[in-house]
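Below is one structure, written out as structure tokens; the observations come after it.
Just so it is clear, the structure is predicted and the values come from calculations on it, not from any experiment. In what follows, chains carry the letters A, B, and so on, assigned in the order in which the sequence lines appear, proteins first and then strands, with residues in each chain numbered from 1. Side-chain atoms are counted along with the backbone in the values below, which use heavy atoms only and exclude waters and symmetry mates.
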Amino acid sequence: MELKLYDTLTREKRPFKPLDPANVRMYVCGPTVYDFAHIGNARPVIVFDVLFRLLRHLYGADHVTYVRNITDVDDKINARAAQEYPAMPLNEAIRQVTEKTDKQFHDDVAALGCLPPSIEPRATEHIAEMRELIERLVASGNAYVAEDNVLFSVPSMPDYGQLSKRPLDEMIAGARVEVAAYKKDPRDFVLWKPSKPGEPAWPSPAEIKAPGRPGWHIECSAMSMAELLQPFGGGLVCDDPQKNVFDIHGGGVDLVFPHHENEIAQSCCAFGAPRMANVWMHNGFLQVEGEKMSKSEGNFVTIHELLKDSSWPGAILRFQMLKTHYRQPIDWTRKGTDSAAIELGVFDIFTEGVRSRQTRAGKVPEDVLSALADDLNVPLAISVLHKLAEECRKSDDPWSQAAHDLRASCDFLGLDLSEVSYRKLYERQHGRIDESRVSDLINERSQARANKNWKESDRIRDELAAMGVVLHDTKDGTTWEIAR
RNA sequence: GGCCACGUGGCGGAGUGGUUACGCAGCGGUCUGCAAAACCGUUUACCCCGGUUCAAUUCCGGGCGUGGCCUCCA
């Protein structure tokens with residue numbers, strides 16, 4: 001099976017050829033840990049988790065390295081720390097904020113069924129590599145010092161702007177931001193900047209006396225080097241440009257410019273590499289109820305709220321996210337969550353037996369895998385799952401091959417069905433169903449029906465319906481389930 | 001203002017130069033005391049205007065709409 005991925009750089013879907021099939025390497029930009037992650041942050045985490053699973057399937061679990069960083073040095077973190085812990089020394093407050101947010105993030109994404117990446121480097125653990133990279137860029141003439149800042153010189157890189165397709169000279173025209181006076185060129189960006197007193201600070205590179213801290217973009221160049229190049233023979237000590245490229249770099253489409261463009265500039269110029277990564281993948285943006293998500297609009301939806309306050313099982317949120325192809329925009333709505341719950345509830349019904357007692361090996365159908373291999377066409381893969389569910393419905397055997405395959409497919413997609421049954425959803429909202437009360441009422445109703453007392457029979461059925469219980473009268477008696 | 005995406009039936013959402021996506025909902029039927037479930041059948045599509053083509057929802061151009069980005073972070 002051939003994996004094809006859409007590459008933002010070339011704007012086309014291409015067959016994926018790993019540099020080394022024994023060491024497939026992927027880097028995805030992770031969160032800045034200063035606040036609860038919102039549902040938009042969840043998208044790349046879920047999307048690239050599916051890709052991670054697929055790569056592990058295709059190349060072997062031990063042959064894929066997935067790096068997702070944690071950004072724990074950033075102005076927003078500083079601001080949040082000062083606001084939340086005004087009495088505390090800033091660095092201590094920052095540690096409080098980052099540790100707390102970091103934990104929340106991991107709890108949230110675990111609930112969404114995401115595997116932990118192979119490595120989750122933290123920016124503050126890689127300051128040394130950032131400094132080394134900056135020194136290199138200064139030495140090579142790609143960066144310069146100005147007022148204790150180190151800036152990347154965009155004109156020093158003729159290819160700058162390829163990823164976002166922004167022509168160098170036209171880029172300034174529409175800019176509406178004031179340009180710092182010390183910049184040689186308005187497009188130059190910061191690699192290192194001086195820290196204000198009390199802020200996190202490290203010894204500066206390039207013989208700058210004042211302590212400082214890294215710019216935003218350099219951390220990803222440094223961490224991808226440290227985790228995806230150096231361990232595989234590349235990095236600063238290696239002059240072979242081919243050793244200084246990894247396979248896949250991912251993130252949200254909002255990162256294409258400037259973040260990824262600048263990462264490319266830093267990495268390629270530092271290592272003399274023709275490319276930073278062979279494939280650039282970007283997930284589409286997300287709106288909430290038709291509106292841009294923003295705190296001022298009051299429609300800022302965090303993963304935590306959905307899981308804890310609204311009691312949605314993570315699998316349902318994950319499924320809702322995966323119902324849309326990763327490059328399409330999503331309008332995240334409550335109605336969409338309800339639909340996802342109904343669909344997954346069906347998968348739960350048909351796999352309930354095989355989840356408690358697997359009687360044979362389930363197999364992820366080729367149709368599912370080939371859909372995923374076609375640039376992660378998860379919606380198409382899900383349509384195959386519906387077909388399996390259809391087979392299950394037609395089968396008399398609760399342990400049919402289709403049921404095993406459906407289970408295997410859900411497992412493959414990271415969809416944990418253990419909490420998604422209609423009953424569990426109902427009980428999360430309305431409290432436990434009193435089963436003995438239900439069976440008492442059913443017995444009473446059966447009596448009434450035996451006596452052809454349809455009025456009483458229907459009254460009891462209505463009473464049960466009010467409890468969320470729906471009856472099925474069959475030849476063998478009456479069964480019940482929770483309303484969908 | 002510049003650059004870049006996206007626009008499919010009631011809703012969600014794939015895909016394609018000519019043939020049923022799929023799911024949910026709706027409608028009709030079988031079944032049922034009546035229902036429910038199940039099964040069978042079935043309605044409503046490709047933003048607008050041009051162009052290319054034997055043929056466009058699918059390619060090209062323009063328009064409209066929505067969204068993203070426009071650098072040291074709002």
Side-chain angles (χ1 to χ4, degrees), chain A residues 8 11 32 40 74-76 79 149-152 154 160-161 163-167 170-180 182-183 185-193 213-218 252-262 265 282 284-287 290-296 319-320 322-325 327-331 333 335-347 349 371 374 377-387 389-390 393-394 448-449 452-455 457-458 461-462 464-465 469-475 478-481 483-484:
Chain A
T8 306
R11 309 277 159 118
T32 300
D74 179 275
D75 287 345
K76 281 183 295 215
N149 294 272
V150 184
L151 291 120
F152 185 91
V154 169
Y160 186 85
L163 184 69
S164 55
K165 301 280 181 284
R166 285 166 198 247
E170 284 180 22
M171 218 176 305
I172 317 156
R176 46 173 199 211
V177 179
E178 276 184 57
V179 178
Y182 52 76
K183 282 190 182 180
D185 186 288
R187 298 161 300 182
D188 294 348
F189 58 90
V190 159
L191 300 173
W192 189 266
K193 54 190 169 185
R213 56 204 168 103
W216 173 31
H217 316 295
I218 193 71
V253 69
D254 55 321
L255 297 180
V256 172
F257 188 88
H259 186 52
H260 288 165
E261 201 73 79
N262 291 349
H282 295 96
F285 232 64
L286 179 148
Q287 286 179 274
E291 307 258 320
K292 178 177 176 163
M293 180 165 57
S294 71
K295 281 180 180 165
S296 56
F319 189 69
Q320 180 177 8
L322 291 176
K323 280 179 68 178
T324 303
H325 183 88
R327 282 191 281 117
Q328 292 291 107
I330 288 187
D331 186 12
T333 62
K335 197 178 167 190
T337 314
D338 289 336
S339 303
I342 288 171
E343 283 185 56
L344 263 197
V346 171
F347 295 167
I349 289 171
D374 185 10
N377 195 336
V378 185
L380 189 59
I382 289 173
S383 76
V384 179
L385 268 55
H386 283 298
K387 285 180 187 141
E390 186 64 23
R393 191 177 278 132
K394 287 184 168 151
R449 293 183 73 220
K452 297 206 189 314
N453 185 350
W454 308 128
K455 199 178 169 192
S457 159
D458 291 351
R461 188 168 61 198
D462 289 346
L464 283 161
V469 172
V470 175
L471 301 180
H472 308 309
D473 294 327
T474 70
K475 289 187 174 64
T478 299
T479 62
W480 63 280
E481 66 171 0
R484 299 183 182 184

- Can you tell me the pairing partner of B:G1 across any strand shown, Watson-Crick or G-U wobble, with both distances under 3.5 angstrom?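 With both distances under 3.5 Å, B:G1 matches B:C70.
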
- Item | B:U20 pairs with, by Watson-Crick or G-U criteria that keep both distances under 3.5 Å |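 Paired with no nucleotide.
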
- Sidechain N-carboxylate O distance under 4.0 Å for A:R393, A:E390: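 Judged by the 4.0 Å cut-off on N to carboxylate O distance, A:R393 and A:E390 do form a salt bridge.
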
Under 4.0 angstrom between [X] side-chain N/O and [N] OP1 or OP2:
{"X": "A:K475", "N": "B:A38", "result": "no"}
{"X": "A:R449", "N": "B:U32", "result": "no"}
{"X": "A:K335", "N": "B:G12", "result": "no"}
{"X": "A:R461", "N": "B:A35", "result": "no"}
{"X": "A:S164", "N": "B:C4", "result": "no"}

- Query: Nearest of B:C73, B:C69, B:U71 to any side-chain atom of A:N262?
  - Reply: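 It is B:U71.
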
- Between A:Q320 and A:I330, does a side chain to side chain contact (heavy atoms under 4.5 Å, CB included) hold up when you go through it step by step? CA-CA 10 Å; A:Q320 180 177 8; A:I330 288 187; over 6 Å; no

- Task: Could you check how far NZ of A:K394 sits from P of B:A38, rounded to whole Å?
- Result: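 Atom NZ in A:K394 sits about 12 Å away from atom P in B:A38.
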
- Taking atom C1' of B:C24 as reference, at what distance in whole Å does atom CZ of A:F319 sit?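 For the pair A:F319 CZ and B:C24 C1', the rounded distance is 11 Å.
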
- Query: When we call it a touch if two heavy atoms are under 4.0 Å apart, what does A:Q328 touch: a base, just sugar-phosphate, or nothing?
  - Reply: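 A:Q328: backbone/sugar contact only, no base atoms under 4.0 Å.
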
- Just wondering, do A:F285 and B:G68 stack (centres under 5.5 Å, planes under 30°)?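 The ring of A:F285 is not stacked on B:G68.
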
- Message: Taking A:D331's backbone N and O only, do any of them form a donor-acceptor pair with A:Q287's side chain (distance below 3.5 Å, no angle check)?
- Response: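 No; zero donor-acceptor contacts below 3.5 Å.
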
- Item | Same-atom distance (C1') from B:U20 to B:U42, integer angstrom |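 Their C1' atoms lie roughly 13 Å apart.
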
- Considering only the C1' atoms, how many Å lie between B:G13 and B:G9, rounded to the nearest integer?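 Each nucleotide's C1' atom is 11 Å from the other's.
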
- Quick one: pull up OG1 in A:T478 and CG in A:L464 and give me the separation to the nearest 0.5 Å.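 It is 10.0 Å, given to the nearest 0.5 Å.
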
